[in-house]
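Here the structure comes first, spelled out in structure tokens, and everything after it is commentary.
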Amino acid sequence: MSQPLLSVKNLSIVYEVPNLDVVAVSRASFDVPRGSIVGLVGESGCGKTTMARAFTRIISDNAKITEGSMDFDGKDLAKISEREMNDLRWRDIAFVPQSAMNSLDPVYRVEYQMHEVLRGRGGMSRSQAKARAAELFEMVGIEANRLRDFPHQFSGGMRQRVAIALALALNPKLIVADEPVTALDVIVQRQILDQMRALQRDLGISIIMVTHDISVVAYICDRTVVMYAGEVVEDCETATLLSKPLHPYTMGLKNAFPDIASAGTGILTPISGAPPDLARPPAGCRFAARCPFALDHCRSVSPTLMSFGDDHSVACHRAHEAEALRAQAALPETWGEIL
Amino acid sequence: MSTLKPVLSRTFQLILVLWAVVTILFLMFRLMPGNPLAAYIDPTFTLEQQEALIRQFGLDESLLRQYFTYLGNLLQGELGYSFRYRTPVAERIWLLLPNTLILTFSSLIVAYIFGILAGAWLAWRRASRAEAFALPIVLATRAMPEFWLGMVLLAIFSFSLGIFPAGGTRSAGTEYESLWSLYTSADFLSHLALPMLTLAIYSQGLPLLLMRSNMLDVMKEDFVTMAKVKGLSPYTIVIKHGARNALLPVMTSFAISVGYQLQGNVVVESVFSWPGLGRELVSAVSASDYPLAQGAFLMIAVVVILMNLIADLLYTFLDPRISHA
Ligand SMILES: Nc1ncnc2c1ncn2[C@@H]1O[C@H](COP(=O)(O)OP(=O)(O)O)[C@@H](O)[C@H]1O
Ligand code: SF4
Ligand SMILES: [Mg+2]
């Protein structure tokens with residue numbers, strides 16, 4: 001296998017709040033192979049956005065990357081100078097935000113905001129930028145004459161397409177998409193995901209697809225990284241993750257979401273309880289309080305992410321019993337009685 | 001054209017509001033207790049002379065007839081005769097209005113340019129020592145009464161240093177060929193300096209604080225974060241996205257401030273003996289010169305209403321979410 005495009009190792013990101021530190025991402029590791037879509041999935045608040053934004057190094061003023069590395073094409077994004085980082089921004093690493101409405105400046109036409117990137121960052125002339133902008137709109141299926149519109153004149157789905165067109169503007173190697181379809185209805189979700197998949201194949205780029213919705217991951221991602229309370233708990237090919245999950249949290253997530261591709265007739269079983277406070281994470285396994293299979297051992301010793309079989313990593317003490325646990329996890333009553 | 005409709009509908013509203021103001025003014029001065037001519041009529045006038053005067057002013061007509069005569073006159077720019085000066089009110093007002101407008105606009109423009117720049121700078125230097133030093137000063141200038149500020153400036157720059165004259169619009173004995181040559185003369189401008197500065201210092205707090213807080217809000221918006229993620233230049237991020245958006249409400253507050261300022265001008269016009277509309281209004285009311293007071297009132301109301309219209313239209317033109325709805 002060739003070198004991954006992005007290799008994240010032991011990445012920790014801390015928010016400094018008065019009197020306490022919120023460790024939003026702790027010692028996370030995973031790879032993004034070239035030309036693939038990697039899903040980053042987990043409940044709201046588990047640190048997905050924090051990590052996604054770290055790849056652009058535009059993080060909150062009170063956030064700090066405290067350890068680890070992010071090797072991108074031979075450069076450690078955690079270490080390179082601000083100048084080098086800014087060179088990579090948008091030219092190599094682009095971003096699709098959750099709400100394209102708020103991420104486009106309301107007072108400028110979309111064309112202006114397109115040109116800002118094409119000319120300001122891509123060094124194109126006015127006429128080159130004009131042609132490229134029209135081409136990009138065509139790629140995402142919007143008529144070029146809509147470039148003259150203001151952001152609020154687009155529908156929600158259209159706006160996400162505009163955001164995708166913007167991300168593609170400078171032919172980046174990596175697009176980080178943070179919940180790009182979460183605000184949309186299922187039909188539009190599917191159209192946009194299909195389009196992202198097609199563009200990704202045609203252009204050979206890599207995408208990190210951040211989502212809390214495992215059905216989105218199932219629909220589009222080649223690989224999936226599951227996060228829980230700031231930690232990576234499972235990482236493997238999506239097909240494997242769906243058929244043979246090793247982590248009880250992944251098993252639970254699967255039960256909790258309808259299938260995006262079908263009408264979804266199965267009963268949905270949520271995982272009861274709430275994730276731990278990231279300012280005071282519990283000792284041992286962070287999922288133990290909600291895990292139907294937790295042992296005493298789980299509450300004192302925290303499991304580390306380990307390779308388990310071919311190209312499959314998991315952080316669970318009972319991963320070797322996964323087959324039996326999967327059978328139990330398929331039963332709704334397994335998830336019912338947790339305090 | 002999508003931008004024409006708001007202009008038309010706002011203009012129609014403006015005409016309605018003007019009509020209401022005109023009507024209220026009419027009723028206010030007619031329904032006040034006492035003879036409206038009391039100040040005009042000399043006690044030595046005979047009864048016939050008094051009645052002749054009442055007929056001359058049309059006060060023997062029915063209220064409705066008077067009202068239509070009054071509206072008709074207004075449409076022709078006819079505001080009646082001042083009791084005190086015995087000259088047309090319109091003449092008097094056209095003489096004073098430019099002084100008031102020049103003072104108001106020059107002070108507000110200075111206040112807003114300073115306020116916008118300083119506000120944006122303070123937002124950028126947020127939580128710094130510069131902020132800790134500057135904010136209390138700004139708040140203090142907002143709390144200072146304008147007459148007191150005016151007197152302090154007079155004491156320093158006029159009485160002690162003698163840099164600027166103490167009052168009026170021109171030095172005694174100077175004559176100018178036209179109003180334009182008066183308003184552009186160094187003499188007029190040096191007379192304008194102190195009252196203008198007083199009002200500017202008094203008014204800069206609003207645009208400054210508004211700009212600062214808008215800027216702080218806008219810089220937290222997603223589109224600013226995305227501008228950083230795009231690797232755009234700091235100038236593009238702070239000025240083109242940050243300041244451009246933060247400026248929207250400040251621009252409208254400018255137009256509205258003109259209205260407030262016209263009312264607030266009375267004090268400063270008095271301190272600096274500035275022959276403006278505010279000062280005239282006060283003296284007309286205390287001298288029971290109703291036609292003049294009514295005319296001055298009307299003129300101030302017209303400017304306030306116009307500026308509100310401009311504020312609305314500005315917002316419409318500056319904010320595509322409204323102009324391109
Ligand atoms: N600026 C901040 N200051 C302090 N805590 C923050 C800040 N931003 C996010 N957090 C916390 O970090 C954790 C992870 O947040 P986030 O990365 O947004 O999660 P996700 O995208 O998975 O929903 C949450 O517990 C959140 O409350
Ligand atoms: S380590 Fe224990 S508590 Fe944690 S997920 Fe595995 S079984 Fe559950
Ligand atoms: Mg998020």
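Here is how names work: the chains are called A, B, and so on, in the same order as the sequence lines, proteins then strands, and each is numbered from 1. If you're wondering where the values come from, they're calculated on a predicted model, not measured in any experiment.
Only the side chain of Arg244(B) comes within contact range of chain A, with at least one heavy atom under 4.5 Å from a heavy atom of that chain. For a residue to count as touching a neighbouring chain, one of its non-hydrogen atoms must lie under 4.5 Å from one of that chain's; by this rule Leu166(A) touches chain B with the side chain only. If you measure heavy-atom distances from Ser233(B) to chain A, you find no contacts under 4.5 Å at all. In this structure, the portion of Arg109(A) lying under 4.5 Å from any heavy atom of chain B is its side chain and not its backbone. For Phe150(A), the part sitting under 4.5 Å from any heavy atom of chain B is the side chain, from C-beta outward, and nothing else. Contacts between Arg57(A) and chain B at a heavy-atom distance below 4.5 Å are absent for every atom of the residue. For Thr56(A), the part lying near chain B is the side chain, with the backbone staying farther off; criterion is any non-hydrogen pair under 4.5 Å.
Ring planes of Tyr112(A) and His241(B): perpendicular class, angle over 60° (limits at 30 and 60°).
No more than 12 heavy atoms of other residues, nucleotides or ligands sit less than 6.0 Å from atom CH2 of Trp124(B). Atom CG of Asn145(A) has more than 12 heavy atoms from other residues, nucleotides or ligands within 6.0 Å. Within 6.0 Å of atom OH in Tyr260(B), 12 or fewer heavy atoms from other residues, nucleotides or ligands are found, so the atom counts as exposed in its surroundings.
Aromatic ring centroids of Trp274(B) and Phe188(B) lie under 6.0 Å apart.
Side-chain contact annotation: Thr198(B) with Glu146(B), donor-acceptor N/O pair under 3.5 Å absent.
With respect to chain B, the highest number of heavy-atom pairs below 4.5 Å among Ala169(A), Ser103(A), Ala100(A), Ala94(A) belongs to Ser103(A). Ranked by non-hydrogen atom pairs under 4.5 Å with chain A, the options Lys230(B), Met226(B), Lys228(B) are led by Lys230(B).
No donor-acceptor distance shorter than 3.5 angstrom exists from the side chain of Arg126(B) to the backbone of Leu216(B), with no hydrogens or angles considered.
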